[in-house]
Amino acid sequence: MPELPEVETIRRQLRSKIINQTVVRAGSHESPKFLSAREITGRRFTELTRRGKYLIAECDGHKELIVHLGMTGQLLIDRGEQGSTMLDQYQRAWWSLDNGKTVVFRDVRRFGRIAVVDKGDYSQIPTLRDMGPEPFSPELTGDEVWSRTRGRTRRIKTQLLSQRLIAGVGNIYADEALFIARINPSLRAISRPQAQRLLDAVRTVLSEAIERGGTTLRDYRNLEGEGSNQHHLKCYGRGGQPCFVCASTLRSRIIDARTTTWCPRCQAR
DNA sequence: ATCCTGCCCTGTAAGC
DNA sequence: TGCTTACAGGGCAGGA
């Protein structure tokens, strides 16, 4: 499940391979989720950026190709000629470049989506339009995070997953960050010191995951293979196992349709 | 504005 | 062995 570290890893690996390349041909699965991939045919990639979990490929003519990987989305470079042949049945879109290589979007479960928009116009992509601050933004402070939670009544775990509090955090890194920050996921309000700890923890878990090329549990692959952060998870997926800090049995329950794991002692309410 | 439910998707693993 | 069911869950529509 690609979150910020996985998307950032892919961005760094893909950037130099597509920048200044022109899309000579493109194709897509017929689903409206992917159909607009074809709209950048003839355009040249000028930059590859990221906002939260969204990849943004800037093109000439003030257009942007937006790619969200969903749950099982992958981007890879293929040498073969596309259009006549498919990588496999899960190929959802492809862009052939003028250097002879092809960028392929593969997505088994089709939770991903692709859009082409005028530069900076995210009005048709609500989560991107309403995206919270980037976690590594130098201007972002603990007080800013705290003030963004003020007046909110949703659980802090839910607020993290919403993308509006801080950009790019999904279920894995939400559980990891709340564990590191010693904050109970069900709290509906957090203190200033807790907000500072939460921001510090988010930055820690995300930066460590980026250094390790992401977390490969099931489907995620970067352009060079698997990440290695899955070997360093302290909380996510460890329900029923002992806490590394205090040896209490980690607890799991569903919060907002997402499995949530926490330590009942380190993260007491 | 917030909250809640259900839907989209398919491979994998568990259960009978 | 073969079939059924549960589960993984980000984003979003729609109704309260």
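Chain A is the first sequence line, chain B the second, and so forth, proteins listed ahead of strands; every chain is numbered from 1. This structure is a prediction, so every number in the text was calculated from the model and none was measured.
One interatomic measurement links the two molecules: CZ of A:Arg106 to P of B:dC9, which rounds to 17 Å at whole-angstrom precision. When rounded to the nearest whole Å, the span between CD1 of A:Ile172 and C1' of C:dG10 equals 12 Å. Atom C1' of nucleotide B:dC9 and atom CD of A:Gln89 are separated by 13 Å, given to the nearest angstrom. As a whole-Å value, the separation of A:Asp107 CG from C:dG11 C1' is 13 Å. Between A:Gln159 atom CD and B:dA1 atom P there is a gap of 16 Å when expressed in whole angstrom units. Rounded to whole angstrom, the span from the NE2 atom of A:His29 across to the P atom of B:dC8 amounts to 15 Å. Rounded to an integer number of Å, the gap from A:Leu161 CG to C:dG11 P is 9 Å. Rounded to an integer number of Å, the gap from A:Tyr122 OH to C:dG11 C1' is 17 Å.
In this structure, A:Ile66 belongs to a hydrophobic cluster whose other members, linked by side-chain heavy atoms under 4.5 Å apart, are A:Tyr54, A:Ile56, A:Val117, A:Tyr122, A:Ile125, A:Leu128, A:Met131.
Put simply, A:His68 has no side-chain N or O that comes within less than 4.0 Å of OP1 or OP2 on C:dG10. Residue A:Gln163 places at least one side-chain N or O closer than 4.0 Å to OP1 or OP2 of C:dG11. A sub-4.0 Å separation between OP1 or OP2 of C:dG11 and a side-chain N or O of A:Lys53 is present. A sub-4.0 Å separation between OP1 or OP2 of B:dT2 and a side-chain N or O of A:Arg152 is present.
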Please tabulate, for side-chain N and O atoms in residues 247-254 of chain A, each donor-acceptor pair with protein atoms closer than 3.5 Å (sequence neighbours left out).
| from | atom 1 | to | atom 2 | distance (Å) |
| --- | --- | --- | --- | --- |
| A:Ser252 | OG | A:Thr261 | OG1 | 2.8 |
| A:Arg253 | NH1 | A:Ser186 | OG | 3.4 |

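Just one residue in the list A:Leu55, A:Ile19, A:Ile10, A:Leu65 forms a side chain to side chain contact (heavy atoms under 4.5 Å, CB included) with A:Leu48, and that residue is A:Leu55.
A salt bridge links A:Glu134 with A:Arg51: at least one charged nitrogen is closer than 4.0 Å to a carboxylate oxygen.
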Pair A:Asp256-A:Lys157, salt bridge (Lys or Arg N to Asp or Glu O under 4.0 Å): steps then yes or no: CA-CA 9 Å; A:Asp256 290 316; A:Lys157 167 77 182 271; over 6 Å; no
Test salt bridge (Lys or Arg N to Asp or Glu O under 4.0 Å) applied to A:Lys63 and A:Asp118, step by step: CA-CA 5 Å; A:Lys63 290 285 184 182; A:Asp118 291 330; 2.8 Å; yes
Sort me out a list of protein N/O and nucleotides 4-6 of chain B N/O pairs below 3.5 Å, or just none if empty.
none

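Among the protein residues, A:Arg110 comes within range of the sugar-phosphate backbone only, with heavy atoms under 4.0 Å from sugar or phosphate atoms but none that close to a base. Among the atoms of the strands shown, only primed sugar atoms or phosphate atoms (P, OP1, OP2) are found under 4.0 Å from some heavy atom of A:Thr259. No contact: A:Glu3 has no heavy atom under 4.0 Å from any strand.
Between A:Ser36 and A:Ala115, the closest heavy-atom pair is OG-CA, 3.4 Å.
When the nearest nucleotides of DNA chain B are assigned to A:Val108 and A:Gly151 by heavy-atom distance, the more 5′-ward of the two goes with A:Gly151. Sequence order on DNA chain C of the closest nucleotides to A:Ile125 and A:Met71 puts A:Met71 first from the 5' end.
When the nucleotides B:dT2, B:dT10, C:dG11 are ranked by their closest atom to the side chain of A:Arg109, B:dT10 comes out on top.
Scanning atom types as modelled, no donor and acceptor separated by under 3.5 angstrom connect the side chain of A:Arg113 and the base of C:dG11.
A donor atom on one side chain and an acceptor atom on the other are found under 3.5 Å apart for A:Arg38 and A:Ser28.
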